[in-house]
Participant: 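Please see the structure below; I have some questions.
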Amino acid sequence: MSRQKLHNQTPLLIRNALDLTHNFKPQSKSNPLCLPQKSPAKLSTNLIKAYFNNGLIKQARQLFDEMPDRDVVAWTAMISGYTACERYNSAWVMFKDMMREGFDCPNAFTFSSVLKACKGMKSGSCGGSCHGLALKCGFVGGSIYVDNALLDMYATCCVSMEYACLVFGQIPVKNQVSWTTLITGFTHRDDGLAALEVFRQMYLEEAEQNPYSFSIAIRACAGVGSHTYGKQIHVLVIKLGFDLNVPVMNSILDMYSKCNCFHEAHTCFNEINEKDDISWNTFIAGYAKTDPMKSLHLFLQMESQGCAANCFTFSSIIAACTNLSALTCGQQVHCRIFKTGLEQNLPLANSLIDMYAKSGSVQDSRRVFGEMWFRDRVSWTSMMTAFGSHGYGPEAVELMTQMVNSGINPDMIVFIAVLTACSHAGLVDQGLSFFKLMTSKYKINPSQETYACVIDLLGRDGRIKEAYDMIRSMPFDPDESVWAAFLGACKAHGQPVTAAARQVLDLKPKRSGIYVTLANMYAAEGKWDDRAKMRDVVNSLGEKKVAGRSWLEVHDQVYSFVAGDGGGLHIEPVYWVLGALGRHMVQQIDVTREGT
DNA sequence: TGCTCGACCA
């Protein structure tokens with residue numbers, strides 16, 4: 001290979017090394033490059049590591065295969081290299097091959113590397129066998145690295161934290177990593193309180209504090225929604241001088257956003273001197289639900305300050321557009337996604353389908369879906385839901401067939417999507433056959449929500465008796481969502497408040513909507529005393545009824561208003577168009593009737 | 001100078 005060709009194909013790190021050696025003038029024939037005397041195995045291991053650091057996995061493997069004298073260090077470099085590149089299975093196979101060759105014993109480095117691979121594979125059984133071997137070799141309790149890696153593996157792979165806690169308890173001298181790993185284990189399985197208890201213990205035992213344990217402890221505060229704990233830890237962060245650490249500040253920012261403390265979040269954001277993309281993404285995501293407009297403004301600000309948006313940014317921005325139901329704004333964001341080359345990012349494409357459907361353009365949803373190179377179950381479900389919510393029942397049903405033909409089996413969510421679509425389009429028998437298919441062919445046990453869909457399906461068609469029989473035949477006690485669907489059906493078809501109402505009341509539902517429905521039904525029958533009782537319950541629940549809000553987008557401006565309120569818009573033309581639409585619908589109904 | 005463990009946003 002010519003030197004130039006070699007130069008072009010070799011990563012920077014190795015190129016620099018080669019350039020360095022090239023410029024050396026040999027001083028003696030036995031050590032021509034003036035390099036320290038080193039065995040070929042050591043040089044090869046160095047090179048393997050360099051290859052992995054530069055993502056050249058194949059080259060690393062080739063070099064390893066060509067090594068005549070592979071020792072435990074070379075094997076370990078391969079295992080940790082594969083793990084660093086997220087090729088966990090390859091790392092595991094390496095470890096097994098190493099054990100099979102059997103001439104060299106794994107050391108502490110090997111065990112901590114292979115345990116990390118087990119963690120990556122989420123395989124507690126592989127990790128367990130490593131644990132056994134490590135015990136046999138005397139590394140458990142003998143190397144803090146192995147102990148910590150074991151702890152992390154059990155915390156990540158097991159259903160409970162039991163084994164992780166056992167390992168933690170047996171570590172002779174715990175270090176910062178041990179504590180942080182345990183806190184992380186609890187936090188990542190949504191047990192923030194346990195995580196905070198460990199954090200407190202760490203503090204009481206005067207373990208040396210470090211930014212890692214703080215960022216995860218603050219995430220635990222966000223998880224339990226406690227800005228009180230969060231603030232206390234924030235104070236400690238300032239006291240210890242960790243407020244210059246960006247990940248710590250990012251987690252504080254996230255904590256305040258998730259606890260709806262936007263004033264504090266704002267202050268925190270301004271105090272981060274070297275904001276990274278995570279700082280921006282956290283802040284943008286924090287506002288996506290509560291103030292989507294603010295979210296969009298922050299996005300523009302982020303770009304103007306030279307921070308590039310990535311898939312996480314767009315994920316939040318799409319959520320903001322969805323919450324605004326602002327179609328043109330969503331389309332512009334979609335354009336930006338194209339320009340960034342992220343249009344085939346699966347989660348993004350899936351949320352675009354949802355965004356377009358909720359912004360009123362099922363055509364755009366369909367186009368995004370059609371242009372996807374890969375589709376997962378979420379893609380299909382999103383498209384079915386999009387069709388269903390726009391009344392395209394047959395299209396949703398057709399999609400179900402296509403999905404199955406493409407090799408994806410439906411799950412409960414898919415069935416709920418297709419049942420809802422059938423319900424909205426009046427495809428009752430079609431829907432019922434899907435319900436049968438779900439249990440008979442796919443062996444999925446229907447949930448309360450699934451039954452609620454089917455009751456809704458029957459109810460909308462006026463098949464009240466069948467709906468009631470189905471409720472009676474359910475294998476568990478129906479919850480309020482099922483009864484709500486049934487009551488809705490009774491109300492829609494002018495059925496009297498039957499025994500069903502008493503059954504509903506026995507459940508003591510917490511959703512005020514059910515009592516409102518019942519109150520209205522009693523009113524329709526002239527049972528004013530019962531109606532008054534229902535209204536009392538609604539008031540006692542103290543749930544403030546949120547007014548139904550509408551959005552209108554005119555010239556890039558979104559106007560939001562409730563009934564009787566103009567929302568800052570000249571309301572007269574709106575009423576005029578509404579009136580015209582109403583007259584048009586009446587005409588259409590008349591035409592249809594004349595035709596039949 | 002041959003190989004090892006822990007954090008923040010979606």
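So that the names make sense, note that chain A is the first sequence line, chain B the second, and so on, each numbered from 1.
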Participant: Nearest to the A/A41 side chain among B/dG2, B/dC9, B/dC5, which nucleotide is it?
Facilitator: B/dG2
Participant: Can you tell me if CD on A/Q176 sees more than 12 non-hydrogen neighbours from other groups inside 6.0 Å?
Facilitator: yes
Participant: Contact class for A/D276 vs. all strands (heavy atom < 4.0 Å): base, sugar-phosphate, or nothing?
Facilitator: nothing
Participant: Between A/K49 and B/dG2, does any side-chain N or O lie under 4.0 Å from OP1 or OP2?
Facilitator: no
Participant: Going by ring centres under 5.5 Å and near-parallel planes (under 30°), is A/Y145 stacked on B/dT4?
Facilitator: yes
Participant: Need one value for A/A108: base, sugar-phosphate or nothing, where a base atom within 4.0 Å counts as base even if backbone is also close, heavy atoms only.
Facilitator: base
Participant: Hey, does the side chain of A/K119 come within less than 4.0 Å of B/dG6's phosphate (OP1/OP2), counting only N and O?
Facilitator: yes
Participant: Among B/dC3, B/dC5, B/dC9, which is the nearest nucleotide to the side chain of A/R219?
Facilitator: B/dC9
Participant: Out of A/D97, A/N107, A/V114, which one pairs with A/W75 under the side-chain contact (heavy atoms from CB on, under 4.5 Å) rule?
Facilitator: A/D97
Participant: Remember a base hit wins even if backbone is also touched, and classify A/N210 as base, sugar-phosphate or nothing at under 4.0 Å, heavy atoms.
Facilitator: base
Participant: Tell me which nucleotide among B/dC8, B/dT4, B/dG2 gets nearest to the side chain of A/N46.
Facilitator: B/dG2
Participant: Measure centre to centre between the rings of A/F283 and A/W280, then say whether the value is under 6.0 Å.
Facilitator: no
Participant: Mind checking A/T282 for me? I need base, sugar-phosphate or nothing, with any heavy atom below 4.0 Å counting as a touch.
Facilitator: sugar-phosphate
Participant: Between A/H188 and B/dG6, does any side-chain N or O lie under 4.0 Å from OP1 or OP2?
Facilitator: no
Participant: Would you indicate what A/A74 reaches in the nucleic acid, counting non-hydrogen atoms under 4.0 angstrom: base, sugar-phosphate, or nothing?
Facilitator: base
Participant: For A/N310, report the nucleic acid contact type (base, sugar-phosphate, nothing); a contact means any heavy atom under 4.0 Å.
Facilitator: nothing
Participant: Under 3.5 Å, is there an N or O donor on one side and an acceptor on the other linking the side chain of A/S315 and the base of B/dA10?
Facilitator: no
Participant: With A/I171, which of A/V140, A/N148, A/V146 fulfils side-chain contact (heavy atoms from CB on, under 4.5 Å)?
Facilitator: A/N148
Participant: What is the ring orientation for A/Y287 with A/F262, classed by angle as parallel under 30°, tilted 30 to 60°, or perpendicular over 60°?
Facilitator: parallel
Participant: Going by centres under 5.5 angstrom and planes under 30 degrees, do the aromatic ring of A/F312 and the base ring of B/dA10 stack?
Facilitator: no
